[in-house]
**Student:** 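Here's a structure for you.
Just so it is clear, the structure is predicted and the values come from calculations on it, not from any experiment. So that the names make sense, note that chain A is the first sequence line, chain B the second, and so on, each numbered from 1.
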Amino acid sequence: MKIATFNINGIKARAEALPAWLDEASPDIVLLQEIKSVDEAFPRELFEDRGYFVETHGQKSFNGVAILSKIPLEDLTRGLPGDDADEQARWIEATVVGKTAVRLCGLYLPNGNPAPGPKYDYKLAWMARMKERAAELLAEEMPVVMAGDYNIIPQSEDAAKPAAWVEDALFLPDSRAAFRRILNLGYTEAFRTREPRPGHYSFWDYQAGAWAKNNGIRIDHLLLSPQAADLLNDAGIDKAVRGGDKPSDHVPVWIELDA
DNA sequence: ATGTCGGGCAGGGCCCGA
């Protein structure tokens with residue numbers, strides 16, 4: 001079972017590049033972020049025509065997450081629990097049953113800039129809520145995959161120019177500590193466990209020639225419960241997608257699970 | 001550290017978010 005996460009930065013703007021990547025990479029499941037679309041406007045037939053079931057949790061203009069799956073999606077829920085007043089569409093969950101049942105969480109973690117400030121407070125509060133949900137899911141003792149744009153650079157090795165990020169919400173100590181608290185519940189970050197070396201990125205800014213200079217950061221992650229980590233066969237980043245026509249500023253990150 | 005995008009609103013540029 002190949003599972004990918006991809007921040008597409010607007011579904012309308014990616015109506016060509018996203019299907020092209022699907023046809024080439026053939027993932028079974030894709031967790032999408034930043035669809036920037038209401039549910040009714042999401043071009044679901046683009047994906048249904050390719051054999052995917054489509055579930056969205058959108059909002060106007062900003063944020064928005066979705067799941068594309070060749071396996072039927074069960075027990076779908078929308079929204080991160082813990083704050084009924086939070087109207088931002090950043091979390092979706094569903095279960096797929098292959099050889100075994102796998103719980104999928106697609107997430108778009110708040111950026112948090114500028115820090116300090118209310119946006120940073122929201123990021124940290126959101127991560128505390130995510131930790132609660134992550135702990136609940138662990139108690140199920142089943143394969144769980146939490147995949148998305150975490151807006152977290154876990155370590156210096158995950159940035160081409162770490163010094164440029166020291167005051168950024170993606171790299172501040174409190175952000176990284178909150179990420180580690182989730183990992184320390186018992187989750188495994190899939191890509192890093194397969195590739196210990198530095199220099200692998202999932203995002204290159206549109207500005208200042210970041211892609212041409214390979215000035216990237218690794219902020220898109222798949223976290224695995226112990227039961228999912230036991231099934232991990234492979235992980236990778238489809239870097240070449242960033243050099244394609246009309247690309248997102250993120251590229252797909254994927255895992256292959258024996259599930 | 002900014003050489004760019006995407007989307008909304010509006011009705012052609014500007015503002016916001018990243």
**Student:** Report yes or no: do Tyr108(A) and Ile67(A) belong to one cluster of Ile/Leu/Val/Met/Phe/Trp/Tyr joined by side chain heavy-atom distances under 4.5 Å?
**Tutor:** yes

**Student:** If you measure from the P atom in dG3(B) to the same atom in dG7(B), how many Å do you get, rounded?
**Tutor:** 23 Å

**Student:** Output the single nucleotide from dG6(B), dG8(B), dA18(B) whose closest atom is nearest the side chain of Ala13(A).
**Tutor:** dG6(B)

**Student:** Taking only N and O in the side chain of Lys119(A), is any of them less than 4.0 Å away from OP1 or OP2 of dG17(B)?
**Tutor:** yes

**Student:** Write down the distance between CG (Asn63(A)) and P (dG8(B)), rounded to a whole number of angstrom.
**Tutor:** 12 Å

**Student:** To the nearest Å, how far apart are Asn111(A) CG and dG17(B) C1'?
**Tutor:** 8 Å

**Student:** With sequence neighbours excluded, what pairs up with Tyr52(A) under the ring pair (Phe, Tyr, Trp, His ring centres under 6.0 Å) test?
**Tutor:** none

**Student:** Taking the nucleotide of DNA chain B with the nearest heavy atom to each, does Ala164(A) or Pro110(A) sit closer to the 5' end?
**Tutor:** Ala164(A)

**Student:** State, with a plain yes or no, whether a side-chain heavy atom of Val30(A) is found less than 4.5 Å away from one of Trp21(A).
**Tutor:** yes

**Student:** Taking all atoms of both residues into account, what is the closest heavy-atom pair of Pro247(A) and Arg14(A), and its distance?
**Tutor:** O-NH1, 3.3 Å

**Student:** Whole angstroms only, please: what is the NZ-P distance between Lys123(A) and dG17(B)?
**Tutor:** 16 Å

**Student:** Should Leu22(A) and Val65(A) be counted in the same cluster of Ile, Leu, Val, Met, Phe, Trp and Tyr side chains packed under 4.5 Å apart?
**Tutor:** yes

**Student:** Touch check for Tyr108(A), heavy atoms < 4.0 angstrom, all strands: base, sugar-phosphate only, or nothing?
**Tutor:** sugar-phosphate

**Student:** Nearest of dA18(B), dG17(B), dC9(B) to any side-chain atom of Lys60(A)?
**Tutor:** dC9(B)

**Student:** For His221(A), check ring pair (Phe, Tyr, Trp, His ring centres under 6.0 Å) against everything at least two apart and list the hits.
**Tutor:** Tyr150(A), Phe179(A)

**Student:** Report the distance from atom CG of Asp245(A) to atom P of dC5(B), rounded to the nearest whole Å.
**Tutor:** 13 Å

**Student:** In whole angstroms, how far is the C1' atom of dG17(B) from the CG atom of Asp168(A)?
**Tutor:** 14 Å

**Student:** Between dG17(B) and dT2(B), how far is it from one C1' atom to the other, in whole Å?
**Tutor:** 15 Å

**Student:** I need the CG-P distance between Asp249(A) and dG7(B), as an integer number of Å.
**Tutor:** 11 Å

**Student:** What residues from residues 204-215 of chain A pass a heavy-atom cutoff of under 4.0 Å to DNA chain B?
**Tutor:** Tyr206(A), Gln207(A), Ala208(A), Lys213(A), Asn215(A)

**Student:** Using the rule given for ring pair (Phe, Tyr, Trp, His ring centres under 6.0 Å), can you reason through Phe42(A) versus Phe47(A), listing the C-alpha separation, both sets of side-chain angles and the distance that settles it, and then say yes or no?
**Tutor:** CA-CA 10 Å; Phe42(A) 191 86; Phe47(A) 311 106; 5.7 Å; yes

**Student:** With a 4.0 Å cutoff (strictly under), does any side-chain N or O of Lys246(A) reach OP1 or OP2 of dC5(B)?
**Tutor:** no

**Student:** Please report the distance, rounded to the nearest Å, between CZ in Phe171(A) and P in dA18(B).
**Tutor:** 20 Å

**Student:** Just the rounded figure in Å: distance from P of dG7(B) to NZ of Lys12(A).
**Tutor:** 6 Å

